[in-house]
Student: 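Just passing along the structure, written as structure tokens.
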Amino acid sequence: QMMKHAWDNYKRYAWGLNELKPISKQGHSSNLFGNIQGATIVDALDTLYIMEMKEEFKEAKEWVEKHLDFNVNAEISVFEVNIRFVGGLLSAYYLSGEEVFRKKAVELGEKLLPAFNTPTGIPWALLNIKSGIGRNWPWASGGSSILAEFGTLHLEFVHLSHLSGNPVFAEKVMNIRKVLNQLDKPEGLYPNYLNPSSGQWGQHHVSIGGLGDSFYEYLLKAWLMSDKTDEEGKKMYYDAVQAIETHLIRKSSGGLTYIAEWKGGLLEHKMGHLTCFAGGMFALGADGAPNDKTGHHIELGAEIARTCHESYDRTSMKLGPEAFRFDGGVEAIATRQNEKYYILRPEVIETYMYMWRFTHDPKYRQWGWEAVEALEKHCRVDGGYSGLRDVYNNHESHDDVQQSFFLSETLKYLYLLFSEDDLLPFEHWVFNTEAHPLPVLHKDNGNKEEKQK
Ligand code: DMJ
């Protein structure tokens with residue numbers, strides 16, 4: 001019902017545009033996609049399919065066939081377009097078997113290739129897909145590319161090579177690994193900034209939230225997606241987790257485990273909503289953890305889930321803030337006005353879903369249901385679902401954006417949390433960072449996974 005409400009209103013007021021403004025009932029355009037259109041449609045395809053919303057999936061597919069156009073003069077975010085559009089199209093293809101999605105994914109992948117034309121092969125953040133000219137965000141330390149952006153292409157690009165027969169995509173992302181492995185890492189940690197021309201780190205800021213997050217996620221998932229043959233990805237992941245535990249993970253005096261941020265050796269005792277995905281990541285990686293640490297990684301996942309649940313529970317609206325702090329006498333609470341917003345993000349529910357699958361502890365479903373009730377009470381409006389400006393206020397102030405990741409991630413993870421484990425089982429599927437399922441490339445059975453659906 002929630003998906004139907006989000007989708008129907010997008011369709012009614014913003015069809016073919018990127019996102020919906022649910023209060024003003026019109027389209028919302030984000031500069032992340034330049035003038036590529038239809039982000040919500042492409043991001044929602046696989047959710048519609050999984051929820052068996054057949055009519056809606058059919059109309060979405062028809063829109064992709066007729067209107068999804070990459071021959072535009074557009075400066076786009078390589079990361080955002082990759083995770084939402086390439087990821088969305090790949091999943092739609094693997095789930096439905098419809099050729100149009102494969103074709104469009106490969107066509108878009110080819111458009112992204114000029115981003116890698118830098119002295120090191122570390123891609124630019126921004127790319128004009130008509131001219132092929134790239135650049136970095138003007139705010140990024142000394143002209144750097146961002147770890148979570150260039151480190152979150154691997155899964156999709158391996159699949160693009162698999163589906164196109166063209167090795168170039170996989171070569172580009174393997175080269176990123178090579179550059180990273182040649183660099184010294186401060187205390188074994190990966191800074192968020194890397195200059196694509198010099199091949200040197202920018203500022204030594206480290207985060208498992210914004211600017212860093214999905215890089216770590218993709219190391220683990222690259223190994224899982226390779227049917228556990230990608231030993232390099234495996235080693236990079238478990239080495240990174242070791243350094244994260246030593247230098248970033250702390251326990252508050254009230255007993256809450258959190259992941260701090262690192263600024264040139266100093267800890268900022270702040271955890272972002274984005275960082276909450278790490279609970280699920282630790283649980284997903286637990287099985288392969290070296291030195292008998294499986295139980296420890298599950299426990300770490302459970303502790304992060306509990307902390308993130310507290311960040312929700314300590315607000316008036318029972319939805320978590322963008323960032324919460326463990327200093328100045330507070331624990332798991334946002335103290336700065338500009339960190340009190342909630343934009344329909346999925347990470348906490350994502351972690352509940354993984355923890356549910358691995359432990360079947362009913363509290364994760366309870367916590368997920370609390371989030372459903374809060375979303376219905378505070379975010380649902382006549383025209384769809386909206387983010388909130390301040391989750392500590394008793395009165396809603398809506399931000400008037402229905403983010404496309406609400407349909408691709410938040411609602412999909414909720415659906416999976418209340419489904420049986422054999423819907424998209426983890427032995428056969430990994431989720432990209434936008435929750436688009438990609439099949440494990442099994443060593444012994446070629447393309448069997450494509451038929452597995
Ligand atoms: C999504 O686009 C992805 O989950 C990404 O990894 C982080 N930001 C949003 C959701 O919060």
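In what follows, every heavy atom counts, from backbone to side chain, and hydrogens, waters and symmetry copies are set aside. Residue numbers start at 1 and run along the sequence shown.
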Student: Could you walk me through whether Q200 and N195 pass the side-chain hydrogen bond (donor to acceptor under 3.5 Å, both in side chains) test, one step at a time?
Tutor: CA-CA 5 Å; Q200 299 301 312; N195 188 301; over 6 Å; no

Student: Work out which heavy atom in I208 is nearest to a heavy atom in A278; give both atom names and the distance.
Tutor: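 So the two residues come closest at CG2-CB, 4.2 Å.
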
Student: Quick one: sort the H273 and Y342 rings into parallel, tilted or perpendicular, breaks at 30° and 60°.
Tutor: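 Because their plane-to-plane angle lies in the 30° to 60° range, the rings of H273 and Y342 count as tilted.
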
Student: Regarding N9 and K25, is there a side-chain donor-to-acceptor distance under 3.5 Å anywhere?
Tutor: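 No, because no side-chain N or O of N9 sits under 3.5 Å from a partner of the opposite role on K25.
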
Student: Would you say the side-chain atoms of N432 and E156 include a donor-acceptor pair closer than 3.5 Å?
Tutor: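 E156 and N432 do have a side-chain donor-acceptor pair below 3.5 Å.
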
Student: Is the backbone of L274 close enough, under 3.5 Å, to the side chain of R345 for a donor and an acceptor to pair up by distance?
Tutor: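 Not at all, since once roles are kept as given, no pair shorter than 3.5 Å links the two residues.
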
Student: Decide side-chain contact (heavy atoms from CB on, under 4.5 Å) for F431 and Y354; before the verdict, give the C-alpha distance in whole Å, the side-chain angles of both, and the deciding distance to 0.1 Å.
Tutor: CA-CA 11 Å; F431 292 88; Y354 281 100; 3.8 Å; yes

Student: For E19 and T40, does a side-chain donor sit closer than 3.5 Å to a side-chain acceptor?
Tutor: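 Their side chains do not contain a donor-acceptor pair, so the 3.5 Å distance test is not met.
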
Student: Among side-chain atoms of D400 and S24, is any donor-acceptor pair under 3.5 angstrom?
Tutor: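 D400 vs S24: donor-acceptor pair found between side chains.
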
Student: Consider only side-chain N and O atoms of N338 and E322, and report whether a donor and an acceptor are under 3.5 Å apart.
Tutor: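 E322 and N338 do not have a side-chain donor-acceptor pair below 3.5 Å.
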
Student: Apply the test salt bridge (charged side-chain N to carboxylate O under 4.0 Å, His left out) to residues E56 and K11: give CA-CA distance (whole Å), side-chain angles for both, the deciding distance (0.1 Å), then the verdict.
Tutor: CA-CA 10 Å; E56 291 84 352; K11 194 175 142 191; over 6 Å; no

Student: Would you say the side chains of S207 and N192 form a donor-acceptor pair under 3.5 Å?
Tutor: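 No - no donor-acceptor pair under 3.5 Å links their side chains.
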
Student: Quick one: salt bridge (Lys or Arg N to Asp or Glu O under 4.0 Å) partners of R380, sequence neighbours excluded?
Tutor: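 R380 satisfies salt bridge (Lys or Arg N to Asp or Glu O under 4.0 Å) with E376 only.
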
Student: Between the side chains of Y94 and H159, does any donor sit under 3.5 Å from an acceptor?
Tutor: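 The criterion, which ignores hydrogens and geometry beyond distance, is satisfied for H159 and Y94.
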
Student: Check whether the ring centres of Y190 and F215 lie less than 6.0 Å apart, and answer yes or no.
Tutor: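 Aromatic pair counts; centres sit under 6.0 Å.
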
Student: Indicate whether the side chain of N73 and that of N128 have a donor and an acceptor atom separated by less than 3.5 Å.
Tutor: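 Judged by distance alone, the side chains do pair up.
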
Student: Check the pair N18 / S29 against side-chain hydrogen bond (donor to acceptor under 3.5 Å, both in side chains), numbers first and verdict last.
Tutor: CA-CA 6 Å; N18 279 325; S29 49; over 6 Å; no

Student: Show the numbers, then the answer: is there a side-chain hydrogen bond (donor to acceptor under 3.5 Å, both in side chains) between W63 and Q37?
Tutor: CA-CA 11 Å; W63 186 88; Q37 295 297 329; over 6 Å; no

Student: Look at the aromatic rings of F426 and F358 and report parallel, tilted or perpendicular, splitting at 30° and 60°.
Tutor: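 Tilted: the ring planes of F426 and F358 meet at 30° to 60°.
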
Student: Which heavy atom in S141 sits nearest to a heavy atom in Q203, and how many Å separate them?
Tutor: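 Minimum heavy-atom separation between S141 and Q203: OG-N, 3.0 Å.
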
Student: Just wondering, do M281 and K221 contact through their side chains at under 4.5 Å, heavy atoms?
Tutor: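 They are not in contact (no side-chain heavy atoms under 4.5 Å apart), so the answer is no.
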
Student: Going by the rule side-chain hydrogen bond (donor to acceptor under 3.5 Å, both in side chains), which residues pair with E409 if we only count those two or more places apart in sequence or in a different chain?
Tutor: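 E409 satisfies side-chain hydrogen bond (donor to acceptor under 3.5 Å, both in side chains) with no residue once adjacent residues are dropped.
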
Student: State whether a side-chain donor-acceptor pair under 3.5 Å links E149 with W124.
Tutor: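 No, W124 and E149 have no side-chain donor paired with an acceptor closer than 3.5 Å.
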
Student: Is the Y352-Y413 ring centre distance short of 6.0 angstrom?
Tutor: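 No, the ring of Y352 stays outside the 6.0 Å limit from the ring of Y413, centre to centre.
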
Student: Would you compute the distance between atom CD1 of I83 and atom CZ of F405 and round it to the nearest 0.5 angstrom?
Tutor: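 Reported to 0.5 Å precision, the distance equals 9.0 Å.
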
Student: Is there a donor in the side chain of H297 and an acceptor in the side chain of D287, or the other way round, less than 3.5 Å apart?
Tutor: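 Side chains of H297 and D287: no pair found under 3.5 Å.
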
Student: Using a 6.0 Å distance limit plus a 45 degree cone around the ring axis, check whether R84 lies over the aromatic ring of F33.
Tutor: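 Geometry flag: not set, cation outside 6.0 Å or 45°.
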
